[in-house]
Amino acid sequence: MHFSNKLTAWYLQNRRSLPWRETKDPYAIWLSEIILQQTRVAQGLPYFEAFLHEFPTVFDLANAEEDKVMHLWQGLGYYSRARNLHATAKMVAFDYNGIFPNNSKELLKLKGVGEYTAAAIASFSYNEVIPVVDGNVFRVLARRFGINSDISTLTTKREFQALAASLIPKDSPALFNQAIMEFGALQCTPQSPDCTICPFQLECIAYQTNEVSSLPVKLSKTKVRDRHFDYLIFLDPNGNTQIQQRTKKDIWQQLYEFPLIESTTTELIDIKQQLTSLFPNLAIKQIELCNTDPIIHKLSHQKLHIRFWKIHTETALNNSSSIEELQKIGFPIVIHNFINNNLIDL
DNA sequence: AACCCGGGGCC
DNA sequence: GGCCCAGGGTT
């Protein structure tokens with residue numbers, strides 16, 4: 001039995017029912033693929049439902065305020081996806097009359113759409129015969145065919161694309177692509193897969209040579225750098241506070257935050273001296289350190305040490321927002337959680 | 001080619 | 001603590 005036949009047979013017996021699998025609408029497919037980039041289905045699913053509910057068509061998304069898009073994306077991470085999502089929605093809506101490109105080559109030109117996503121949309125929505133190569137596909141093929149090339153290199157990616165292209169049936173590319181990713185997600189899992197019930201047990205090179213746990217090979221390792229954030233939560237007599245938008249090329253671009261002091265060491269800052277220096281005209285009533293132990297917030301390549309300070313002021317703040325208004329704004333999740341746990345019902 | 005960009009779940 | 005997740009963009 002051929003690889004694809006056995007794979008799709010497994011898929012038809014084991015597939016999850018997911019909303020983006022029940023449609024061929026390129027808008028919904030595209031939306032799901034952007035949301036699912038480097039994101040587990042369980043984490044992305046509620047965001048997919050929320051976006052489709054809030055923006056039923058590409059025109060609704062194109063006409064939305066960016067702040068609203070970022071707020072809806074809050075907590076999902078990799079926020080450039082949301083910015084590119086919005087930009088592409090505008091392009092499709094206003095330049096393409098709301099019609100998505102119908103082939104992978106043209107889809108590749110859209111912001112936020114790379115090789116994987118272009119292949120996914122083209123195959124799922126238009127039945128183009130082009131294989132998807134994502135983390136699941138790397139793992140399934142590396143194990144089944146015993147490939148120990150470093151999957152972080154472009155050359156290896158090309159090898160896997162060629163292999164997948166040789167396996168994909170010309171009459172059912174969408175089914176094959178769905179099947180191989182679902183197989184990687186449910187059966188051929190990264191850690192401790194249950195190979196005893198795997199339909200490929202006999203022909204799987206990794207299983208036969210006891211290399212399942214060591215495949216695929218991924219050499220590049222990310223180094224993490226430490227950063228130290230002190231967030232200043234000003235609170236005036238009216239219960240208002242100040243926030244600012246992150247606009248630099250850095251983490252959390254376009255999201256909001258409290259005024260920030262970033263330092264290079266983990267030592268406790270001299271908060272009074274800093275405030276006097278930064279805000280010489282500010283009349284301070286009371287300063288409160290909310291967490292003596294910094295909150296550790298880990299990103300893929302940064303380890304953030306975060307302290308929150310409440311600065312009660314004698315006089316009203318300029319350009320201030322009520323705590324209630326903060327609920328409608330997109331914050332990094334660590335700040336959003338702090339607001340919900342410490343500033344609500346103040 | 002190397003690096004940057006989140007948050008969460010699992011071991 | 002490390003690894004991975006329906007990857008893509010920038011340098």
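Residue numbers start from 1 in every chain, and the chains themselves are labelled A, B, ... in the order their sequence lines are given, proteins ahead of strands.
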Between [N] ([atom2]) and [X] ([atom1]): distance, integer Å:
X         : N      : atom1 : atom2 : value
Leu108(A) : dG9(C) : CG    : P     : 8 Å
Gln178(A) : dA6(C) : CD    : C1'   : 9 Å
Arg225(A) : dC3(B) : CZ    : P     : 13 Å
Leu215(A) : dC3(C) : CG    : P     : 16 Å
Gln43(A)  : dC5(C) : CD    : P     : 14 Å
Arg227(A) : dC5(B) : CZ    : P     : 7 Å
Glu182(A) : dC5(C) : CD    : C1'   : 14 Å
Leu110(A) : dG9(C) : CG    : P     : 10 Å

Using a cut-off of 4.0 Å on non-hydrogen atoms, how would the nucleic acid contact of [X] be classed: base, sugar-phosphate, or nothing?
X         : answer
Asp250(A) : sugar-phosphate
Ile34(A)  : nothing
Thr39(A)  : base

Less than 4.0 Å between a side-chain N and a carboxylate O, is that true for Asp250(A) and Arg227(A)? yes
Under 4.0 Å between a side-chain N/O of [X] and OP1 or OP2 of [N], yes or no?
X         : N      : answer
Thr117(A) : dG8(C) : yes
Tyr79(A)  : dG7(B) : yes
His297(A) : dG7(B) : yes
Arg139(A) : dC5(C) : yes
Lys223(A) : dA2(B) : no
Trp252(A) : dG7(B) : yes
His301(A) : dC4(B) : no
Gln38(A)  : dG7(C) : yes
Gln302(A) : dG6(B) : no

From the list [options], which nucleotide is the closest neighbour of the side chain of [X]?
X         : options                 : answer
Arg16(A)  : dA6(C), dC5(B), dG7(B)  : dA6(C)
Pro190(A) : dC5(C), dG9(C), dA6(C)  : dC5(C)
Ile333(A) : dG6(B), dG7(B), dG8(C)  : dG7(B)
Lys249(A) : dC5(B), dT10(C), dA6(C) : dT10(C)

Between Trp20(A) and Val113(A), name the one whose nearest nucleotide on DNA chain C is closer to the 5' end. Trp20(A)
Report the residue (Gly112(A) or Glu33(A)) whose heavy-atom-nearest nucleotide on DNA chain C is the more 5′ of the two. Glu33(A)
Hey, does Ile311(A) have a side-chain heavy atom less than 4.5 Å from the side chain of Leu235(A)? no
Given side chains that start at C-beta, do those of Pro259(A) and Tyr231(A) come closer than 4.5 Å, heavy atoms only? no
Do Phe258(A) and Phe234(A) pass the ring-ring contact (aromatic ring centres under 6.0 Å, His included) test, and can you show the C-alpha distance, the side-chain angles, and the key distance before you say yes or no? CA-CA 8 Å; Phe258(A) 297 107; Phe234(A) 295 107; 9.4 Å; no
How are the rings of Trp252(A) and His297(A) set relative to one another: parallel (under 30°), tilted (30 to 60°) or perpendicular (over 60°)? tilted
Is the Phe138(A) ring parallel, tilted or perpendicular to the Phe160(A) ring (thresholds 30°, 60°)? perpendicular
When the P atoms of dC3(B) and dA6(C) are compared, how many Å lie between them, rounded to an integer? 25 Å
Could you work out the separation of dT11(C) and dG6(B) based on their P atoms and round it to a whole Å? 15 Å
Within the supplied structure, the quantity of interest is the number of heavy atoms (other residues, nucleotides, ligands) at a distance under 6.0 Å from Asn210(A) CG; does it exceed 12? no
Let me have the donor-acceptor pairs involving side chains of residues 27-41 of chain A, under 3.5 Å, with sequence neighbours excluded, atom names and distances please.
from	atom 1	to	atom 2	distance (Å)
Tyr27(A)	OH	Phe55(A)	O	2.7
Tyr27(A)	OH	Thr57(A)	O	3.4
Ser32(A)	OG	Ile29(A)	O	2.7
Glu33(A)	OE1	Tyr116(A)	OH	2.7
Gln37(A)	NE2	Gly112(A)	O	3.2
Gln37(A)	NE2	Thr117(A)	OG1	3.0
Thr39(A)	OG1	Ile35(A)	O	3.3
Thr39(A)	OG1	Gln37(A)	O	2.8
Thr39(A)	OG1	Arg81(A)	NH1	3.0
Thr39(A)	OG1	Arg81(A)	NH2	3.4

Nearest heavy-atom neighbours spanning Val69(A) and Ala64(A): CG2-CB, 4.0 Å
List every contact pair, protein side and nucleotides 9-11 of chain B side both N or O, where the distance is under 3.5 Å.
none

